[in-house]
There are 2 protein chains.
Amino acid sequence: MPVMVMDVSSKRNAILDGAIAEFLAQGYAAASMDRIASGAGVSKATVYSHFASKDRLFMAIMERLVLSKFADILEPSQFAARMNEPPERLLRHVAMTMLQVPIQDREYLGLIRTVIAESGRFPALAQTFLKEITAVALHSLADYFRHCPHLHIADPEATARIFVGAIAHYLITQYLLSGAEIIPLEESRLVDSLILMITCQKTEQGP
Amino acid sequence: MPVMVMDVSSKRNAILDGAIAEFLAQGYAAASMDRIASGAGVSKATVYSHFASKDRLFMAIMERLVLSKFADILEPSQFAARMNEPPERLLRHVAMTMLQVPIQDREYLGLIRTVIAESGRFPALAQTFLKEITAVALHSLADYFRHCPHLHIADPEATARIFVGAIAHYLITQYLLSGAEIIPLEESRLVDSLILMITCQKTEQGP
DNA sequence: GTCTATATCGCGATAGAC
DNA sequence: GTCTATCGCGATATAGAC
């Protein structure tokens with residue numbers, strides 16, 4: 001007959017879940033191993049039996065978090081399937097997804113804040129974030145700009161950076177820096193202008 | 001004859017300078033009042049005689065820092081004087097300034113990292129940063145887009161956001177997140193594409 | 001105002017029973 | 001593996017002499 005306590009892997013997962021909440025809310029230095037332990041319903045010694053140190057636990061949950069968010073971002077294959085759509089439609093879908101995923105999933109915003117906050121102490125973590133999330137989106141978009149028959153983009157990589165940068169900065173100012181009332185701007189205006197600026201380059205192609 | 005020790009205001013300034021270095025390097029939680037005191041060459045009690053608590057010292061130096069960086073950013077008046085230059089020239093100058101100031105002044109980069117890092121604990125600080133720096137640049141640019149006779153920008157505010165966002169995100173990825181080798185991109189390519197995307201809107205104005 | 005010395009607390013990490 | 005109890009340290013903040 002089953003005992004009424006968590007098994008080993010459940011405890012490990014409870015620790016990881018509690019650690020995610022604590023580190024994302026407090027940042028590395030202010031996070032407390034005591035709170036992580038009690039939040040997970042285990043003793044502090046149990047936390048240390050699974051993770052050798054605060055550093056190791058932090059890096060474990062952050063890598064896990066970065067990889068888990070990967071699926072939410074658009075991969076190259078998703079672009080290939082939509083190559084024949086009008087560019088306005090496809091770019092609007094991409095922009096709205098990049099905006100809505102972090103807005104709906106507050107863990108995503110906390111991840112962005114924490115990656116930037118700890119980028120001095122943990123530069124390898126910042127690079128993992130860039131490699132697994134930012135670079136994937138940039139390469140997908142640049143490939144699309146390079147091969148889409150309806151667009152004639154002079155510099156696909158730079159244009160992808162502008163697209164991703166404008167959206168990422170909008171998320172940071174409105175939702176991390178509480179900018180809604182200080183520098184308000186509707187999502188749709190940002191997206192409309194981005195699409196207009198990108199698609200109007202096709203008028204450059206000849207006499 | 002003058003004594004060979006600092007007077008009161010010199011000690012206060014030494015404390016402020018040391019606090020800036022400590023908070024920007026360590027973040028709020030990991031910063032130590034002991035290190036700030038010894039770094040300034042005073043006792044810890046002296047620090048507390050000038051600033052009631054760690055919170056108050058942090059907010060004092062961050063506000064000071066935000067206001068001191070204001071002059072580096074382009075004010076509206078600077079645009080008015082250059083309204084008759086070709087837009088390509090003016091926009092290139094603005095973009096290069098926004099890129100070079102934080103790159104040259106590492107304190108500026110540390111300020112950006114700390115504002116984002118502590119935006120959960122100190123939302124008012126984040127809003128001060130937006131109001132004193134980001135909003136000033138956005139309004140200047142939007143005004144320019146609205147009134148420049150050579151451009152016909154559909155949505156000046158949104159276009160200003162894209163311009164500022166692309167540059168801010170570039171600074172964050174390349175210099176805060178150590179992205180130089182992971183997602184390399186020359187400054188000039190970013191700036192050239194930005195200018196091309198903005199200026200080519202003038203071809204939209206009709207037959 | 002400024003110092004030395006200290007109070008008080010919470011932190012990360014560990015020892016040892018079970 | 002998991003617990004309780006604790007160690008040692010460094011943190012913020014303060015008392016009291018000068």
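When reading the values below, keep in mind they use all heavy atoms of this one structure, side chains included, and skip hydrogens, waters and symmetry mates.
Note on B/R35: only backbone sugar-phosphate atoms sit closer than 4.0 angstrom, heavy atoms only; bases stay farther off.
One finds no side-chain N or O of B/S49 lying less than 4.0 angstrom from the OP1 or OP2 phosphate oxygen of C/dG1. B/S43 has a side-chain polar atom (N or O) that falls below the 4.0 Å cut-off from OP1 or OP2 of C/dC3.
Separating the CZ atom in A/F58 from the CD atom in A/E118 is a distance of 5.0 Å, to the nearest 0.5 Å. Taken to the nearest 0.5 Å, the CG atom of B/D105 stands 12.0 Å off from the CD atom of B/Q100.
Across all their heavy atoms, A/A60 and A/F51 have their closest contact at CB-CE2, 4.1 Å.
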Atom pairs, N/O to N/O, protein against nucleotides 12-16 of chain D, distance under 3.5 Å?
unit_1, atom_1, unit_2, atom_2, d
D/dT12, OP1, B/A31, O, 3.1
D/dT12, OP1, B/M33, N, 3.2
D/dT12, OP1, B/K54, NZ, 3.3
D/dT12, OP2, B/M33, N, 2.9
D/dT12, O4, B/K44, NZ, 3.4
D/dA13, OP2, B/Y48, OH, 2.8
D/dA13, OP2, B/K54, N, 2.9
D/dA13, N6, B/K44, NZ, 2.7

Stepwise side chain to side chain donor-acceptor pair (under 3.5 Å) test for A/T173 and B/R161: CA-CA 10 Å; A/T173 56; B/R161 281 292 273 257; 3.2 Å; yes

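Using a 4.0 Å cut-off between a side-chain N of Lys or Arg and a carboxylate O of Asp or Glu, A/D192 and A/R189 do not qualify as a salt bridge.
A/N13 has its CG atom 16 Å from the C1' atom of D/dG1, to the nearest Å.
Under the 3.5 Å distance criterion, with hydrogens and angles disregarded, no donor-acceptor pair is assigned to the side chains of B/Q26 and B/E22.
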